[in-house]
Amino acid sequence: MTEGNKKGLDADLIGKDLEKCCRSEELCGECQGKSCNIGFAKECIKAYKKQPQKEIPAGMGSIPTTDFKVFDEVELEKAIAHILRECKDCKEDHTEDCIINAIRNCYEVSLLGDIHPYEGTALQYLMYLREYHPQKAGNIAEYYSQGH
């Protein structure tokens with residue numbers, strides 16, 4: 001893994017996913033930066049690359065949950081699968097402001113319209129999603145199991 005820390009965050013992979021999800025100024029007009037879900041996540045990963053830290057200060061409170069731009073669903077599903085693979089199933093050590101959690105939440109809002117509970121385990125999260133978003137959960141689980 002490039003640029004990993006003890007959480008196993010592959011910042012290069014996540015950065016590539018974010019670029020694939022970004023609609024670009026060509027489609028969006030002027031970049032909205034932190035006011036956009038993908039823009040906020042890009043800022044998080046950029047800061048992580050400069051100084052790796054497990055948590056984003058006030059990360060959950062800073063996610064732009066009212067950003068309702070339409071993004072490519074397939075790219076978001078793949079990105080969620082990738083970020084879930086980066087999670088080390090910390091279970092009771094899970095923190096809401098973890099960079100992995102914050103970025104996953106940005107993807108979620110973009111794909112599902114809201115933030116969903118995460119209790120520190122990818123399998124439990126996928127089972128939860130399957131109940132409320134069966135098709136998308138199936139796609140994410142497939143990408144997750146493929147490893148790419």
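We count residues from 1, following the sequence as given. Below, each value reflects all heavy atoms present in this structure, side chains not excepted, and no hydrogens, waters or symmetry copies.
C21 and F71 make their closest contact through O-CD2, 3.2 Å (heavy atoms, listed as atom of the first residue, atom of the second, distance). Nearest approach of P64 to K34, heavy atoms of both residues: CG-O, 3.5 Å. Pairing each heavy atom of G113 with each of F68, the nearest pair is O-CE2, 4.3 Å. A102 approaches I56 most closely through the heavy-atom pair CB-CG1, 4.4 Å.
D67 places a side-chain N or O within 3.5 Å of a backbone atom of N37 that can act as its donor or acceptor partner. Of the possible polar contacts, one joining the E86 side chain to the D10 backbone as a donor-acceptor pair under 3.5 Å is found.
A 4.5 Å side-chain heavy-atom check between L84 and Y107 finds every atom pair outside the cut-off. Residues I38 and F40 have side chains not in contact (no heavy-atom distance under 4.5 Å, counting atoms from C-beta outward). Within the 4.5 Å cutoff, the side chain of L111 has heavy atoms near those of the I140 side chain. Inter-residue side-chain proximity for E75 and K78 is flagged as met; some heavy-atom pair is nearer than 4.5 Å.
Here CG of L129 is found 7.0 Å from CD1 of I80. Values are rounded to the nearest 0.5 Å. If you take OH on Y125 and CG on N101, they are separated by 9.0 Å, rounding to the nearest 0.5 Å. Separating the CD1 atom in I63 from the CD1 atom in I115 is a distance of 4.5 Å, to the nearest 0.5 Å. Atom-to-atom distance recorded for N105:CG and S62:OG is 12.0 Å, nearest 0.5 angstrom. Rounded to the nearest 0.5 angstrom, I45 CD1 and L13 CG are separated by 9.0 Å. Atom CD of E77 is separated from atom CG of D72 by 9.0 Å, given to the nearest 0.5 angstrom.
Summarising the hydrophobic clusters (Ile, Leu, Val, Met, Phe, Trp, Tyr; side-chain heavy atoms under 4.5 Å, direct or chained), the residues clustered with L123 are M127.
Under a cut-off of 6.0 angstrom, the local environment of NZ in K69 is crowded, with over 12 non-hydrogen atoms contributed by other residues, nucleotides or ligands. Enclosure of atom CZ in R23 by more than 12 non-hydrogen atoms of other residues, nucleotides or ligands within 6.0 angstrom is indicated.
Among residues two or more places apart in sequence or in another chain, the side-chain hydrogen bond (donor to acceptor under 3.5 Å, both in side chains) test is passed with K42 by E19.
For H116 and Y128, the ring centers are positioned less than 6.0 Å apart.
Sorted by first and then second residue, the salt bridge (Lys or Arg N to Asp or Glu O under 4.0 Å) pairs with a member in residues 138-147 form an empty list; sequence neighbours excluded.
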